[in-house]
Amino acid sequence: MAFQITEFHTIRKELESYNAKLIAVSKKKSIEDIQEAIDAGQKSFGENYVQELLDKESHFKKKTNWHFIGHLQSNKVKMIVPFVHLIQGVDSFKLLTEINKEGKKINKIIDCLLQVHIAQEETKFGFSEEEVEALMLFPELAELENIRIRGLMGMASLSSDASLLKKEFSSLKNLFNNSKLMSFDPDEFDTLSMGMSSDYKIALDCGSTMVRIGSTLFGERN
Ligand SMILES: *Cc1c(COP(=O)(O)O)cnc(C)c1O
């Protein structure tokens with residue numbers, strides 16, 4: 001299935017009134033699909049796998065802003081740091097220090113979001129809300145001069161229960177507000193990435209500033 005241009009324009013229109021940004025999640029989608037999205041005016045894309053991202057980056061170069069939204073292994077940080085626009089899934093202090101180290105080597109400040117575990121499903125990825133608050137007050141964080149924490153990212157439960165999703169997104173928004181106050185530079189702590197194809201409308205109503213949409217734009221993934 002090709003890029004869904006009608007859906008794209010509908011979503012862009014919806015986002016306008018929230019002043020929210022669209023990340024087109026292109027994982028497992030072809031160069032041709034991405035090109036269609038670029039032709040329609042999309043610039044920011046999200047990818048989950050490092051090798052796939054490297055292949056696509058070498059094709060599109062400066063035509064796209066790449067967001068890494070998957071689980072990033074420390075040993076792969078150096079491969080994406082030179083060009084990545086925002087690393088959304090930072091889920092440990094160790095990973096932050098690794099990103100800082102690689103950023104320093106090339107004299108680049110890397111924008112990151114902390115991933116927070118808000119869903120009911122068990123997963124080993126993501127900070128708990130308590131861990132985020134503790135981290136924001138961590139003195140060592142100030143020493144990581146080559147990272148800039150721009151905000152938080154989270155995924156709600158795989159559920160169609162709107163009241164549950166609302167509860168989870170609202171709680172993330174709350175944590176975002178508190179963390180922003182604790183941030184070294186609250187003006188730069190400006191991104192709350194929440195909402196996917198199935199739940200982005202609820203996320204927007206709960207204060208999302210960035211939605212990550214894949215299947216609605218590109219069709220279901222195999
Ligand atoms: C795949 C993915 C998305 C997009 O999911 P859709 O349901 O296809 O919109 C968003 N965020 C993350 C972190 C993902 O891995």
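Every number for a ligand or one of its atoms is a count from 1 in the order of the listing.
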- Distance from Phe45 atom CZ to Asp33 atom CG, nearest 0.5 Å? 10.0 Å

- Note on the structure: Residues Ala156 and Glu121: closest non-hydrogen pair is O-OE1, 4.4 Å

- Task: Fit a plane to each ring of His67 and His85, take the angle between them on a 0 to 90° scale, and name the class: parallel (under 30°), tilted (30 to 60°) or perpendicular (over 60°).
- Result: tilted

- Does Gln42 reach the main-chain N or O of Ser44 with its side chain, forming a donor-acceptor pair under 3.5 Å? yes

- Task: Return the minimal non-hydrogen interatomic distance between Glu47 and Lys27, and the atom names on each side.
- Result: OE1-CA, 3.4 Å

- Message: For a quick check: using heavy atoms under 4.0 Å, what are the residues in contact with ligand 1, sorted by chain and number?
- Response: Val25, Lys27, Asn48, Ile69, Met153, Met155, Met196, Ser197, Arg212, Ile213, Gly214, Ser215, Arg221

- Query: Do Asp161 and Ser163 have side-chain atoms, one donor and one acceptor, less than 3.5 Å apart?
  - Reply: yes

